[in-house]
J.: 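Quick one: the structure is below, and I'll ask about it shortly.
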Amino acid sequence: MAQLPVTEEQLIERFGPHLNREPPGGWNAGLDVEREVETHCCFCGQQCGIKLKVADNQVIGFEPWYDFPFNQGKLCPKGVKRYLQGAHPDRLLDPLERDPSAESGFRPIAWDAAIDRVATEIRRIQDAYGPDSFAVLSGVSLTNEKSYLMGKFARLGIGTANLDYNGRLCMVSAGVANKKALGMDRAPNPWSDIPLADVVFVAGANVAECAPITTSYVWRARDRGAKLIVADPRVTPLARTADLYLGLRPGTDSALMGAILHVLVANDWIDHRFVEHHTVDFDAAAAAVADMTPEWAARLCGVPRDRIVEAARLWGTSDTGMLLHARGIEHHTKGVDNVLSCINLGLATGKYGRPGCGVSTITGQGNGQGGREQGHKCDQLPGNRDITNPEHRAAVAAVWGCDVDEIPGKGLTAQEIMDAIHDGEIKGLLSICFNPLVSLPDTAHTAEALDRLEFYTAIDFFLSETAQHADIVLAGSLQEEDEGTTTSVEGRTIKINAAVDPPGNARRDWEIIVDIADRLGRRRYFDFDSTREIFDEMKLASHGGTADYNGMTWERIEAEHGIFWPCPEPGHPGTPRLYEGGVFAHTDGRARFHAVPFRESAEVVDDEYPIWLTTGRVVSQYLSGTQTRRIAALVEQYPEPLCEIHPRHAERLGVLTGDLVTVTSRRGSMTLPARVVESIRPDTVFIPYHWAGDRAANQLTNRALDPMSKIPEYKVSAVRVVKADGHVEIRDKRVTALTDSAAGTNGAAGTENAS
Ligand SMILES: Nc1nc2c(c(=O)[nH]1)N[C@H]1C(S)=C(S)[C@@H](COP(=O)(O)OP(=O)(O)OC[C@H]3O[C@@H](n4cnc5c(=O)[nH]c(N)nc54)[C@H](O)[C@@H]3O)O[C@H]1N2
Ligand SMILES: Nc1nc2c(c(=O)[nH]1)N[C@H]1C(S)=C(S)[C@@H](COP(=O)(O)OP(=O)(O)OC[C@H]3O[C@@H](n4cnc5c(=O)[nH]c(N)nc54)[C@H](O)[C@@H]3O)O[C@H]1N2
Ligand code: SF4
Ligand SMILES: [Mo]
């Protein structure tokens, strides 16, 4: 009987000698703390405040930072352990060049040679195939300053239209919907509004595991007597505490929300005054749901009719309410529609612009909010400006000191860039802070594409699975090795402080970018000597855009524990709550309802592939896992992907927890242990996606995109599940640890001093 690797020996055997396990006391044991640096967690969009303990230019531990208002000292397991990355033996200390004769496939080279090679290849490829044949993929674990720099670098440094970012896999459906309906792409509320809500409606968000600190906000609302509604195909840890659970079939959210609007209209639970004075197109939205009866939705979604009516009653008759959604409704070919159908519910009942009211996406990545405003999206310029709008282009060209025509037009989105690489239209790629081989759908397709590149360079601090395909790997910086700002889930811009310098010959990301620009002969646009100078230019470039940072200074941001944008002028207090008084960001001040008809997902189940597959996360791992798969305590909590499967489904297959199952889709197949749980629908299986190679959930997923946001449909594929040979012991302790820590005191794992 095989075992899951749970002992140290087994972990080493499975993951190799650098396996994620720090020596007793940590890699930095024996060092005395010299100072503590107040900064923020490098992982999710909550951006918890944390103090890093520093000695001998190394981060050797952490302390809770009780004064930071958002998390008040609380952290989840990832925040507690993140400090173990800096001194990890896998840390890249030099630039690397591909060398098939070397054991690792790479050999270290000097910076000068690395930068030269990158610049030469960029020009060679562009000369041979045209400017847009070289693409850039960026990421939003990067600070605002670096996000801004990447946008400017792709446009003016390289001169390519094909630049996009990993937020394309994340919040873009919400972004498009928010801009369409409300005129602006930001959570409308500070999180301090959540406890003021009489109803909290959580749709497609595993709050306890993915936004752990938000749990405490929801529970504070419940302490006041608020009702909690959860819509998710899985009974997540938060759903276990819900007053009303809507266990819908994946891909049916807009039908559920449409039926709720239908019931609101039928019972006249509509705020007519708000609708009349602050919105347009209510009638169109109402007409679109005229046939979406709760009976119809009950059949389609697999949720009892009475629960749909009850959800409408709770939402429609409460004075205040917040609807929080995340990738569960957004990772769809109708992700934008799903979000619009939620916004309709908020507008119909006047739940905007007041304390305790709002429909808000829970932004995922660390700088998922700020990084989607600074202009490294394919259709965007800084300040959340539109790259196709002549006025917006002129405003940015004036700050950049370039000719408007020098700024390329709209380029391809992230998945489209990978598809164009696959098709041979794009020949060169520079990526930073993005691990597409693990995170894009249809891994086989991504791997084929990467192998077709004539030149690929990656900037990372670990040799990610994607970076292993690179010709040149540039050793970049961890968050704590540079300063700058990020903007959290709430729209609060906060200060990241440098604790240490990059180790060895690793360099700060921005310095690498500026050097490449210099080598391309574009120094005049990149005359930056510090991150602060980038911030100062970024502020100017954002001025007049919707995401206006012009009035912020680093000093104010620190003194005030963050500033909510828009903050257009010095002295402006910032804007924690948007749309106060019902004034929306469209030029007429009114929000737009949208008619949202229901359509099925790109792939639906059939006789051959009869089960719905949905994918997502677990509390102890982060995204593509490059960082968290290297931290022992997090690995032990959940070492490998498990396939969640309902007891009735498992019984049909003759499968018990720990038995291996093979899950097959039209794209690929993987074999992994089953975890039999009552918390999932019998027609659905769930696999977390944080692993690579034969453990990658994205071997199975579909490349179909939302036509507006271009987000992939990670949340719905059709699969076949069969029993495979083999069994692994899955320790109850680990499975329990997963849920206990996620739903523990105050909703997070609490703080823990691991040093
Ligand atoms: N621990 C941890 N935390 C993270 C991250 C991480 O990797 N690990 N990543 C961060 C990032 S970048 C992101 S984007 C967020 C993601 O945060 P979430 O969106 O909360 O996380 P997911 O697990 O992707 O999906 C959320 C839920 O959607 C449900 N779901 C699946 N299909 C459907 C559907 O069709 N309809 C509905 N209503 N629900 C559905 C799943 O069962 C799951 O419980 O988390 C952030 N925080
Ligand atoms: N099946 C499935 N797939 C999914 C999802 C899903 O729910 N299901 N979720 C999607 C979502 S929401 C997201 S956000 C994506 C995320 O997917 P990715 O963005 O590809 O994942 P990350 O792990 O963030 O990759 C970031 C890489 O950048 C590096 N990095 C981190 N910070 C920095 C930095 O400051 N500087 C530099 N130079 N490098 C850095 C890390 O080491 C890592 O290698 O995955 C998507 N893929
Ligand atoms: S919730 Fe966890 S991962 Fe997210 S910022 Fe806080 S400590 Fe970091
Ligand atoms: Mo994300």
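Whatever order the structure lists ligands and atoms in, that order sets their numbers, starting from 1.
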J.: State plainly whether the residues Asp164 and Lys710 are in salt-bridge range, i.e. N to O under 4.0 Å.
T.: no
J.: Within the structure, does Thr701 bring an N/O atom to less than 3.5 angstrom of an N/O atom in ligand 2?
T.: no
J.: Do the ring planes of His88 and Phe462 sit parallel (below 30°), tilted (30 to 60°) or perpendicular (above 60°)?
T.: perpendicular
J.: Write down the atom of Trp315, the atom of Leu345, and the distance for their closest heavy-atom approach.
T.: NE1-O, 3.1 Å
J.: State plainly whether the residues Glu644 and Arg681 are in salt-bridge range, i.e. N to O under 4.0 Å.
T.: no
J.: Can you list the ligand 2 atoms lying under 4.0 Å from a non-hydrogen atom of Leu142?
T.: 34 (C), 35 (O), 36 (N)
J.: Show the atoms of ligand 2 that are less than 4.0 angstrom away from any heavy atom in Asp509.
T.: 34 (C), 35 (O), 36 (N), 37 (C), 38 (N)
J.: Could Lys334 and Asp253 be called an ion pair, given the rule that one side-chain N must be under 4.0 Å from one carboxylate O?
T.: no
J.: Do ligand 2 and Ser464 have nitrogen or oxygen atoms that lie under 3.5 Å from each other?
T.: no
J.: Assess whether a salt bridge exists between Arg186 and Glu490, defined as any Lys/Arg side-chain N lying under 4.0 Å from an Asp/Glu carboxylate O.
T.: no
J.: For Ile432, counting its heavy atoms only, list the atoms of ligand 2 lying under 4.0 Å from any of them.
T.: 38 (N)
J.: Using a strict cut-off of 4.0 Å, indicate which atoms of ligand 2 neighbour a heavy atom of Asn435.
T.: 18 (P), 20 (O), 25 (O)
J.: Can you pull every nitrogen or oxygen pair between ligand 1 and the protein closer than 3.5 angstrom?
T.:
unit_1	atom_1	unit_2	atom_2	d
ligand 1	1 (N)	Lys78	NZ	3.0
ligand 1	1 (N)	Glu209	O	3.0
ligand 1	1 (N)	Val618	O	2.9
ligand 1	1 (N)	Val619	O	3.0
ligand 1	1 (N)	Gln621	O	3.3
ligand 1	7 (O)	Arg617	NE	3.2
ligand 1	7 (O)	Leu623	N	2.7
ligand 1	8 (N)	Gln621	O	2.6
ligand 1	9 (N)	Arg617	NE	2.9
ligand 1	19 (O)	Arg327	N	2.9
ligand 1	20 (O)	Asn206	N	2.8
ligand 1	23 (O)	Arg617	N	3.0
ligand 1	24 (O)	Arg617	NH1	2.7
ligand 1	24 (O)	Lys715	NZ	2.9
ligand 1	32 (N)	Thr614	OG1	3.0
ligand 1	35 (O)	Gly251	N	2.8
ligand 1	35 (O)	Asp253	OD2	3.4
ligand 1	35 (O)	His332	NE2	3.3
ligand 1	36 (N)	Asp253	OD1	3.4
ligand 1	36 (N)	Asp253	OD2	2.7
ligand 1	36 (N)	Gly328	O	3.2
ligand 1	38 (N)	Gly204	N	3.4
ligand 1	38 (N)	Ala231	O	3.2
ligand 1	38 (N)	Asp253	OD1	2.8
ligand 1	42 (O)	Asp232	OD1	2.6
ligand 1	42 (O)	Arg234	NE	2.9
ligand 1	44 (O)	Asp232	OD1	3.4
ligand 1	44 (O)	Asp232	OD2	2.8
ligand 1	44 (O)	Arg234	NH2	3.1
ligand 1	47 (N)	Cys210	O	2.7

J.: Within a distance under 4.0 Å of any heavy atom of Thr626, pick out the atoms of ligand 2 and give their elements.
T.: 42 (O), 43 (C), 44 (O)
J.: Dump the intermediate steps for salt bridge (charged side-chain N to carboxylate O under 4.0 Å, His left out) on Arg91 and Glu481, then the final yes or no.
T.: CA-CA 13 Å; Arg91 188 60 204 275; Glu481 292 160 3; 2.8 Å; yes
J.: Can you sort out which atoms of ligand 2 are near Lys146, meaning under 4.0 Å from one of its heavy atoms?
T.: 35 (O)
J.: Within a distance under 4.0 Å of any heavy atom of Ser477, pick out the atoms of ligand 2 and give their elements.
T.: 34 (C), 35 (O), 36 (N)
J.: May I ask you to say whether Arg629 pairs ionically with Glu465, meaning some side-chain N is under 4.0 Å from a carboxylate O?
T.: yes
J.: Tell me if the centroids of the rings in Tyr148 and Phe153 come within less than 6.0 Å of each other.
T.: no
J.: Does Gln627 reach ligand 2 with a nitrogen or oxygen that is under 3.5 Å from one of the ligand's nitrogen or oxygen atoms?
T.: no
J.: May I ask you to decide whether Asp683 forms a salt bridge with Arg249, counting only side-chain N to carboxylate O separations under 4.0 Å?
T.: no
J.: Backbone, side chain, both or neither: what part of Asn698 comes under 4.0 angstrom of ligand 2, heavy atoms only?
T.: side chain
J.: Do the side chains of Asp509 and Lys146 get close enough for a salt bridge, i.e. N-O under 4.0 angstrom?
T.: yes
